[in-house]
Amino acid sequence: MSTSTVGANARFETIREVNGRTPRRFDPPRDEHGKRLRVSEFYGVNTFDIHKMKEKLPKEVFTKLQATIDSGKKLDREIANTVAHAIKEWALGRGVTHFCHWFQPQTGLTAEKHDAFLTFDDNNRTVEKFTGSQLIQSEPDASSFPSGGMRTTFEARGYTAWDPSSPVFIIEHTNGKTLCIPSVFISYHGDSLDEKTGLLRSMEVLSNKAVELLQLIGYPGVKRVVPTLGVEQEYFLIDRAFHNLRPDLVMTGRTLVGGQPPKGQQLEDHYFGSIPARAQAVMSEMEYELYKLGVPVKTRHNEVAPSQFETAPIFEEANIATDHNQLTMEVLKKVALRHNFSALMHEKPFAGINGSGKHNNWALQVSTSGSELDGVNLLDPGTTPHQNLRFLLVLCAVLKGVHKHAGLLRAGIASSGNDHRLGANEAPPAIISVFLGDLLSRILNDIEKGVGSDQGAEAAVLKLGISKLPEVMKDNTDRNRTSPFAFTGNKFEFRAVGSSASTAFPCTVLNAAVADGIADVIDSLKKKGKNAKGMEDSIFQVVREVIKETHAIRFEGNGYSEEWVKEAEKRGLPNLRKTPEALEQIVTERSKKMLSGLGIFTEAELVSRFHVRTERYVKNLLIEVDTLKSMLDTQILPACYAYQGMLAGTVAASKAAGVGAPQLETLTRVVTLVTSLQTKRAALDKASHQCETLSSEEEKAKALAGPVSVAMADARTVCDELESLVADDYWPMPKYREMLFIS
């Protein structure tokens, strides 16, 4: 038996194995009478949340801790030991043996180093101990994480520090439980080495600017404004047995070869369809695990592509939402494995069908004010002219920030995976624009034209027909799935974020851009205040000016069209198609001035992020190149040679028998394609070798985005044609029709 038929046999055995799968059951939590608990009865049992804090801490300690959480400041060390003791007792009561500082290095993933509570007292007896200093700070090896040149190998000291605004939680694993302390990660010199530090800084800056704006326009009681985030997570579920037979999925998260099945998503029958039984079982168990962790998952459904699904939570403060999205991805992967699935969160695991995004639904909420603004979403239109002037002012501040920093926002969502998805008739294009909907666009266009501007602010608002916007806007605005940044009633949906990405950096640059936009609006208001009739007239004048300035960023049409590409160029909007050119926006003078000026990143931290992301792009692409070469050399070409040999043998036998050889036509096509594939394989080798000789990571990144990616695509085209021609019992790897439709 040839090696090719052995490979095909493994594929057929896998198909039989998958066909025999049944949904995995898990035992849901029940009370002492065996009755199944409601979600509300076990929600957050593995989280030391604000309610447990209030229950287990002395009142004065709880008050100080809550003030720390509300203000975003560091924990008062005077209360640290008391807080640590309460957390330890709670954790021990839940069966926890170890603790760790859970942080988010610049890998896009999470990291943790576990320490046991176990120690010895003065009499050399074993005790469980957890001190305030252990809660506040830990010291992992900083040299082992990407730093973009800020650290050298011998500079190993780094620190994790608890972020009190995000509650500690317990992770359950097969043989134990670990207490996780959400933390930031900084170097010995105080440089940010993680994703979360910048996010927290951006939230504080945005809050300060928003508070200043609100106080300026007549809300003196406002103390804090927080960005909220709701993260829609898309993913694929592929049977683990299929996944393990695909070296490309194992190594890179996406298929580097694969012909299109006769049926894909063209019938539009998967989206919102009945959830398959095994997928439903995964979702149910995942939600159970997340509910225990206090993650408020709300929605689940089939997505557009076959075997693609989505989960989405209730909105939370942006830093907590970021932590919870990381937990969602981790829990999803673990639960999927229990059900013999692999959860794929690559942005484009299968060519030719929809990829996966992570829609970031972003808004601004007043947290503390002592006024009627408590809990108000500043992007929620109001019911009075005054409220809607405030809404328009905040809306325009967002437009201003996005318009000024569109390139940086594009850099925030740049990755090798997202390059395959952006603009591919399923996701927003690489051009950053803002969609507002017909009604808001008409209102802004009327204001730009000067409608009512000679009558005073309140009269103008009434004339524009927006005195009661919520009633007018209800179901009045369509959704535009081709827009990377769309207003959807009372929030902006940053649709361009990739499914595998951490939400931290995209949210950080968005917060920063909006904070900068608010700062500009504040300056304009202060200047207008000297000459205007009153604050409301100043607001209306500033709104009109910003609408004019940001006209280019607003687009209501089809973002997939070639016409939009040409129009965007006329408007001066950046079209950064590939990751290397997008990442350069991180270190432009405009980005450096804004981000360092606001105190979100130092220039060194910005350069670090540019280098880390460029290096990761290069490494990801080189892994893909080496994987594709290996698959061609050890699986695909040998299968083709074997099939070609079989055809040649039957042709020769037919001719020897003096009969016709209809196989000759197929043999000729196979030989032609195999020869072409060998040529493409050699071209890929040459392009990748040339890339590796380049001296800088930036040069390598551009070569990989250009000639090397083209060579990979050329090889794939021939390979996919061969897949449709080579006999099925020779092809060694699971095909799209099997991975996407058999579960």
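No hydrogens or angles considered: a donor-acceptor pair under 3.5 Å links the side chains of S166 and D323. Counted by atom type alone, Q233 and N325 present one or more donor-acceptor pairs between their side chains at under 3.5 Å. A donor atom on one side chain and an acceptor atom on the other are found under 3.5 Å apart for E556 and S441. Between the side chains of N46 and E172, at least one donor N or O lies within less than 3.5 Å of an accepting N or O. No side-chain donor from either of D49 and T47 sits under 3.5 Å from a side-chain acceptor of the other. For the 3.5 Å distance criterion, the side chains of S500 and E347 qualify, holding a donor opposite an acceptor. Counted by atom type alone, Q326 and H324 present zero donor-acceptor pairs between their side chains at under 3.5 Å. Side-chain polar atoms of S596 and T602 form no donor-acceptor pair below 3.5 angstrom. Inspection of the T488 and N361 side chains reveals no N or O donor paired with an N or O acceptor under 3.5 Å.
Remark: R410 pairs with D419 by the salt bridge (Lys or Arg N to Asp or Glu O under 4.0 Å) rule, at least two apart or across chains. Here K209 pairs with nothing under the salt bridge (Lys or Arg N to Asp or Glu O under 4.0 Å) rule; sequence neighbours left out. With sequence neighbours left out, E316 forms a salt bridge (Lys or Arg N to Asp or Glu O under 4.0 Å) with no residue at all. Looking at residues two or more places apart in sequence or on another chain, you find a salt bridge (Lys or Arg N to Asp or Glu O under 4.0 Å) between E289 and K292, R338. A search for side-chain contact (heavy atoms from CB on, under 4.5 Å) contacts involving P227 returns M203, L206, A318, W362, L364, N511, not counting sequence neighbours.
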Review point. Can you list the steps and then say if E310 with T299 is a side-chain hydrogen bond (donor to acceptor under 3.5 Å, both in side chains)?
Key: CA-CA 8 Å; E310 180 180 298; T299 302; over 6 Å; no
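Classification of the F185-F103 ring pair by plane angle, with boundaries at 30° and 60°, yields tilted.
Results of the side-chain hydrogen bond (donor to acceptor under 3.5 Å, both in side chains) test with S192 over E605, R609, R201, Q106 single out R609 as the only residue that passes. Checked against V184 for a side-chain contact (heavy atoms from CB on, under 4.5 Å), the options T160, L193, T197 give a single hit: T197. When I432, L510, V509 are each tested for a side-chain contact (heavy atoms from CB on, under 4.5 Å) with L408, only one passes: V509. The only option from V376, I539, L213 that meets the side-chain contact (heavy atoms from CB on, under 4.5 Å) definition with R390 turns out to be V376.
Using a cut-off of 4.0 Å between Lys/Arg side-chain N and Asp/Glu carboxylate O, E234 and K348 are scored as not salt-bridged.
Sequence neighbours left out, the pairs with a member in residues 503-520 that pass salt bridge (Lys or Arg N to Asp or Glu O under 4.0 Å) are K404-D516, K404-D520.
Relative to the ring axis of F435, R495 does not place its NZ or CZ within 45° and under 6.0 Å from the centre.
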